[in-house]
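The structure appears below as structure tokens.
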Amino acid sequence: MASTTTAAPTAPGSDRLREISLTQRFLSRPAAGALIIVIFVWVVFLVLSLARGNTAFLSLAGTLNYLDVAAQIGVIATSVALLMIAGEFDLSIGSMVGFAGIIMAIGVTIWGLPVWLSIIMAMILTTILGVLNGIIVVRTGLPSFIVTLATLFIIRGVSSVLTSSVSPITYIPIDPTLLQSDPLAQIFGFSATINNADGSTTSVQVSILFWIVIAIAGVYLLGRTRFGNWIAGVGGSSAAARNLGVPVARVKIALFALTALSAAILAAIQTTRFTSADILRGTGYELDAITTAVIGGTLLTGGYGSVAGTALGALALGMARQGIVFADINADWYKIAIGTLLLVAVVLNGWIRRRFAGLS
Amino acid sequence: MDATPMTDALMDRSPATAGDAGPLLEARDVSKYFGAVVALEGVSLTVRPGQVTCLLGDNGAGKSTLIKTLSGVHRPDKGTLAVDGQPVEFSSPRDALDAGIATVYQDLSVMPLMSITRNFFLGNEPTVGVGPLKRFDLPRAAGIAREEMKRIGIDVRDTDQAVGTLSGGERQTLAIARAEYFGARVLILDEPTSALGVKQSAIVLRHIIAARNRGLGVIFITHNVSHALPIGDTFTILSRGRTGGQFKRGEVSEAQLHSQMGGGDELHELTRELEALAGTDRRPATVPTSDPSTGAPSEPPGSSMAN
């Protein structure tokens with residue numbers, strides 16, 4: 001008590017400041033753990049596949065292969081991470097991927113619409129579903145986990161009902177010639193061919209480009225715009241954010257819409273590539289996306305996270321999924337690997353956050 | 001009380017004419033009911049520039065309802081609010097903010113996981129660029145945040161550091177600095193010291209005085225008389241939704257404030273009981289059995305409760 005009395009009249013200053021090194025600066029970034037995880041996964045599968053005498057993991061074709069897998073998760077995981085930073089979940093995103101594909105296919109094959117119009121229609125309808133998710137969450141005050149769990153079933157069910165009304169089977173094939181002549185289908189279904197020195201060819205999927213563009217846009221949105229500041233604020237405490245004049249409901253609804261739109265983008269990529277829509281497409285993507293965001297350093301409780309980290313998380317998932325193939329390991333091990341990776345990442349991210357960012 | 005020596009030193013610098021200015025914010029006979037519950041009944045409160053108005057009351061006395069009414073969250077069922085002598089009606093916290101009335105809630109003001117800069121400007125971000133390239137002007141925001149924190153006495157070298165790494169007192173101070181920067185003339189501070197230790201409380205109390213010396217009107221809500229007494233210019237006691245008394249600085253003692261708050265008598269009882277219990281443990285043979293009616297203890301009970 002005596003020491004506080006004598007200390008009190010001096011200039012207060014901050015009593016919690018110290019010089020920090022560059023390493024600590026790096027480790028205090030939310031994406032630091034994800035970068036460590038990516039390097040770790042890459043090394044593990046490189047060693048495992050080389051031990052089997054397979055150099056494909058290291059080759060250009062192998063790299064592009066796992067980048068494509070990562071990209072398909074990454075396209076939806078960016079917006080899922082933003083939504084989680086704002087403190088909400090969207091479990092219905094996988095169902096929306098299936099729904100958007102079915103709408104596209106019905107537009108083209110049943111209603112005879114041009115492909116580009118069907119894609120735009122699917123994007124608009126899916127985005128409206130996202131807005132509805134957001135409105136229900138904001139208006140009822142229910143946890144988005146429950147609301148979007150309900151819409152997960154409802155949207156998947158609607159896709160089945162729509163499909164069975166036009167087709168005896170559970171998928172709708174699209175005439176490939178329609179896709180080849182359509183401007184939008186050419187963008188979403190684009191793949192470039194690289195001629196290798198040995199005469200073989202390697203294809204580069206456009207999904208990788210979408211992933212990178214969306215991730216960069218997400219990093220910019222979260223880190224450099226007012227809206228991005230509102231996202232973190234809403235997730236930190238929606239009551240406090242509201243007191244400071246942040247339009248909390250609008251921020252949340254906009255993010256649900258963005259998540260739905262990203263599901264439609266992925267659906268357009270997959271539908272044009274596979275020249276069909278399947279009612280089961282996107283099943284389980286919601287958990288992949290959440291896993292990716294969490295590996296990327298995003299907190300389930302909101303208010304903290306990283307889009308760059310989420311992109312790295314998608315990369316780790318893609319590497320693990322294809323790395324298991326390259327290492328000639330039974331694919332059943334993939335789920336064990338992902339579960340383990342998720343646990344390790346959460347523990348690592350938590351430790352880094354406490355140790356280097358000084359946050360509990 | 002530890003804060004007393006330093007607050008007395010700062011008291012001398014207070015504007016001599018502060019008390020003569022007209023009221024910034026007034027509540028006149030304000031009543032608020034929630035169904036059958038009388039939350040407030042005929043409560044009046046005045047805040048003048050350069051003065052600290054302490055609002056004291058036990059839990060459930062209506063302090064929260066009163067500040068929510070003053071800050072635009074609730075609308076009074078009876079009575080009026082006046083800003084600069086003119087009657088006003090707030091339909092949202094935004095209206096109150098626009099009138100220069102800023103409320104700093106005890107635990108609801110800052111986001112621990114966001115940086116100092118991002119917290120400082122949340123909801124009021126400065127931007128550069130036009131159209132789709134309009135973006136959060138982080139360098140400018142960081143500069144302002146650093147300067148404003150420095151002005152109120154906290155030297156933050158790295159405004160990118162998360163608010164969660166600041167101490168509790170510094171977080172409250174950040175919220176006060178932010179409110180002042182965005183044009184607050186009246187600061188309503190809801191129990192800013194109740195979750196803090198002695199040293200952290202001293203930091204916050206120092207900044208309350210500094211804000212007052214800059215000409216702000218401050219409403220300081222607390223149930224800690226030891227914190228209110230050294231820095232308050234006027235004291236309003238709230239008891240069971242009614243004004244239990246209004247005093248000026250120097251008119252009232254700590255013990256009086258305690259008994260006015262309604263908790264005084266109970267605290268005396270509690271103090272005696274606890275002393276008796278402590279005595280039982282150490283000296284079982286000499287349990288004090290003195291009659292409680294022999295007068296107030298020389299030590300005001302608040303000192304043992306403080307902090």
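Lettering of chains follows the sequences in order, A, B, ..., and the numbering in each one begins at 1. Here the structure is a predicted model, which means the values were calculated and not measured.
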Scanning both residues in full, the closest heavy-atom pair of Arg226(A) with Phe136(B) reads N-CB, 4.0 Å
Is the number of heavy atoms from other residues, nucleotides or ligands within 6.0 Å of CZ (Phe145(A)) greater than 12? no
When the 4.5 angstrom heavy-atom criterion is applied to Tyr220(A) and chain B, the contacting part is side chain
Between Leu222(A) and Arg118(B) the two heavy atoms that sit nearest each other are O-NH1, 3.8 Å
*Just wondering, more than 12 heavy atoms not from Arg250(A) lying within 6.0 Å of its CZ?*
no
Applying a strict 4.5 Å limit to non-hydrogen atoms, the region of Leu221(A) in contact with chain B is neither
Checking heavy-atom separations under 4.5 Å from chain B, one finds in residues 302-311 of chain A Gly302(A), Gly303(A), Tyr304(A)
Value for CG (Asn229(A)) from CZ (Phe121(B)), rounded to nearest 0.5 Å, stands at 10.5 Å
Applying a strict 4.5 Å limit to non-hydrogen atoms, the region of Asn124(B) in contact with chain A is both
Here the pair of heavy atoms bringing Arg94(B) nearest to Leu244(A) is NH1-O, 3.7 Å
Okay, Lys150(B) and chain A: the region with an atom under 4.5 Å from a heavy atom over there is neither
Exercise for review: Check whether any side-chain heavy atom of Val246(A) lies under 4.5 Å from a side-chain heavy atom of Leu122(B), and answer yes or no.
Suggested key: yes
*asked:* So does Leu138(B) get a backbone contact from the side chain of Arg224(A), meaning a donor-acceptor N/O pair under 3.5 Å?
replied: no
Under a 4.5 Å heavy-atom criterion, the part of residues 289-297 of chain A in contact with chain B comprises none
Cut-off 4.5 Å, heavy atoms of chain A, and the answer for Phe182(B) is neither
Between the CG atom in Leu113(B) and the CD1 atom in Ile85(A), the distance rounded to the nearest 0.5 Å is 11.0 Å
